[in-house]
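Convention: sequence-line order gives letters A, B, ...; per-chain numbering from 1. Here the structure is a predicted model, which is why all the values come from computation and not from measurement.
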2 protein chains.
Amino acid sequence: MSVPTGQCPLKKLGDRSYHCTFELTLQIIGGKWKPMILYHLGCDGVHRFSELRRALNGITQKMLTQQLRELEADGMVHREVYPQVPPKVEYSLTPMGRTIMPVLRQLCAWGSEYERLAAQQEQAHLQAS
Amino acid sequence: MSVPTGQCPLKKLGDRSYHCTFELTLQIIGGKWKPMILYHLGCDGVHRFSELRRALNGITQKMLTQQLRELEADGMVHREVYPQVPPKVEYSLTPMGRTIMPVLRQLCAWGSEYERLAAQQEQAHLQAS
DNA sequence: CAGCATCCTTCGGGATACTG
DNA sequence: CAGTATCCCGAAGGATGCTG
């Protein structure tokens with residue numbers, strides 16, 4: 001596994017460049033909204049645009065479109081357009097997209113554990129005062 | 001494990017609020033620099049401020065300070081100040097901070113796999129044209 | 001060396017209006 | 001419904017100078 005140091009040679013993949021695979025990962029699934037988008041698509045399956053928007057809680061239409069297009073370009077998300085009126089578009093994870101789910105679940109599990117420990121400490125702190 | 005939907009009730013932990021533990025995780029270790037900072041501290045151990053800055057490749061002093069303070073406040077990073085001239089400050093992961101490393105390694109491994117598959121496809125595309 | 005304070009710029013992203 | 005297309009603001013973050 002590549003170790004992420006600034007000293008690594010710059011790699012290229014398509015029009016993207018990065019120093020290590022960790023950085024590559026962050027470029028693909030990092031940012032403010034992408035992890036949540038992927039998580040929703042992974043947990044609940046296929047989603048329409050407006051469903052995703054409601055689920056994301058606070059994301060604007062512009063941002064959601066933008067992030068989905070980037071995920072699509074990176075082969076993580078599939079966009080299915082139904083040629084009908086009114087329009088219907090469904091988003092889902094590609095096979096590649098599905099491979100990130102175990103890691104996202106781990107992140108979520110880590111959060112649960114952190115929550116548990118932090119709550120304990122908060123409790124202890126209250127008792128001390 | 002909590003499912004991340006906007007419909008969940010808002011939870012509180014300290015002065016932080018979130019809808020699910022996945023969101024909590026992102027608040028703690030998400031953002032442009034934090035994953036890389038944690039990864040460096042986790043892989044290479046203790047780091048001085050200037051070492052980290054060099055390793056991070058492009059981060060400004062202001063950002064590095066800011067991110068380190070937030071990680072410290074969240075119990076992920078330990079800051080050891082040596083009272084001497086010139087000053088020396090060393091950063092390392094706390095026990096809590098170390099618990100995130102397996103997940104970060106998974107993210108890195110995922111990137112390697114993505115890189116491999118994407119490179120294959122790029123190759124196939126070149127041959128076709 | 002490891003910061004803090006300040007100023008200043010960029011651009012992420014919100015609001016709004018319009019379309020196939 | 002699922003988008004584009006603009007306009008525009010404000011916070012994120014860069015540059016610089018100073019200090020214990």
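Side-chain contact annotation: A:Tyr18 with B:Glu115, donor-acceptor N/O pair under 3.5 Å present.
Considering only side-chain atoms of B:Val89, the nucleotide from D:dA2, C:dA2, D:dG14 that sits closest is C:dA2. Residue A:Pro87 places its side chain closer to D:dA2 than to any other of D:dA2, C:dG14, D:dG3.
Within the 4.5 Å cutoff, no side-chain heavy atoms of B:Gln120 are placed close to those of B:Gln123.
Spacing between atom CG of A:Leu64 and atom C1' of D:dA2 amounts to 10 Å, rounded to whole angstrom units. If you take CE of B:Met63 and P of D:dA12, they are 8 Å apart, rounded to a whole angstrom. The CD-P distance, from A:Glu80 to D:dA2, rounds to 14 Å in whole Å. Rounded to a whole Å, the CG atom of A:Leu52 is 12 Å from the C1' atom of D:dA2. Here the C1' atom of nucleotide C:dG14 and the CH2 atom of A:Trp33 are 11 Å apart, to the nearest Å. The NZ-C1' distance, from B:Lys62 to D:dG13, rounds to 6 Å in whole Å. Distance, A:Leu68 CG to D:dC1 P: 17 Å, rounded to whole Å. With rounding to whole Å, A:Arg53 atom CZ is found 11 Å from C:dA15 atom C1'.
Seen from the ring of B:Tyr82, B:Lys88 counts as a face-on cation partner, given the 6.0 Å and 45° thresholds.
Put simply, A:Arg69 has a side-chain N or O that comes within less than 4.0 Å of OP1 or OP2 on D:dG3. Regarding contacts with the backbone of D:dG3, a side-chain N or O of A:Tyr91 is found under 4.0 angstrom from either OP1 or OP2. A:Ser50 has no side-chain polar atom (N or O) that falls below the 4.0 Å cut-off from OP1 or OP2 of D:dC1. Proximity of A:Thr60 to the phosphate of C:dG14: a side-chain N or O atom is located under 4.0 Å from OP1 or OP2. For B:Arg48 and C:dA2, the shortest distance from a side-chain N or O to OP1 or OP2 is below 4.0 Å.
Looking at which nucleotide of DNA chain C each of B:Glu51 and A:Pro86 is closest to, the 5′-most match is held by B:Glu51.
The CD1 atom of A:Ile29 lies 13.0 Å from the CE atom of A:Met36; values are rounded to the nearest 0.5 Å.
Heavy atoms of A:Gln66 sit nowhere under 4.0 angstrom from any nucleic acid atom. When heavy atoms are screened at a 4.0 angstrom cut-off, A:Arg79 is found touching the sugar-phosphate backbone but no base atom.
Linking Ile, Leu, Val, Met, Phe, Trp and Tyr whenever their side-chain heavy atoms come within less than 4.5 Å puts A:Tyr114 and A:Leu117 in one cluster.
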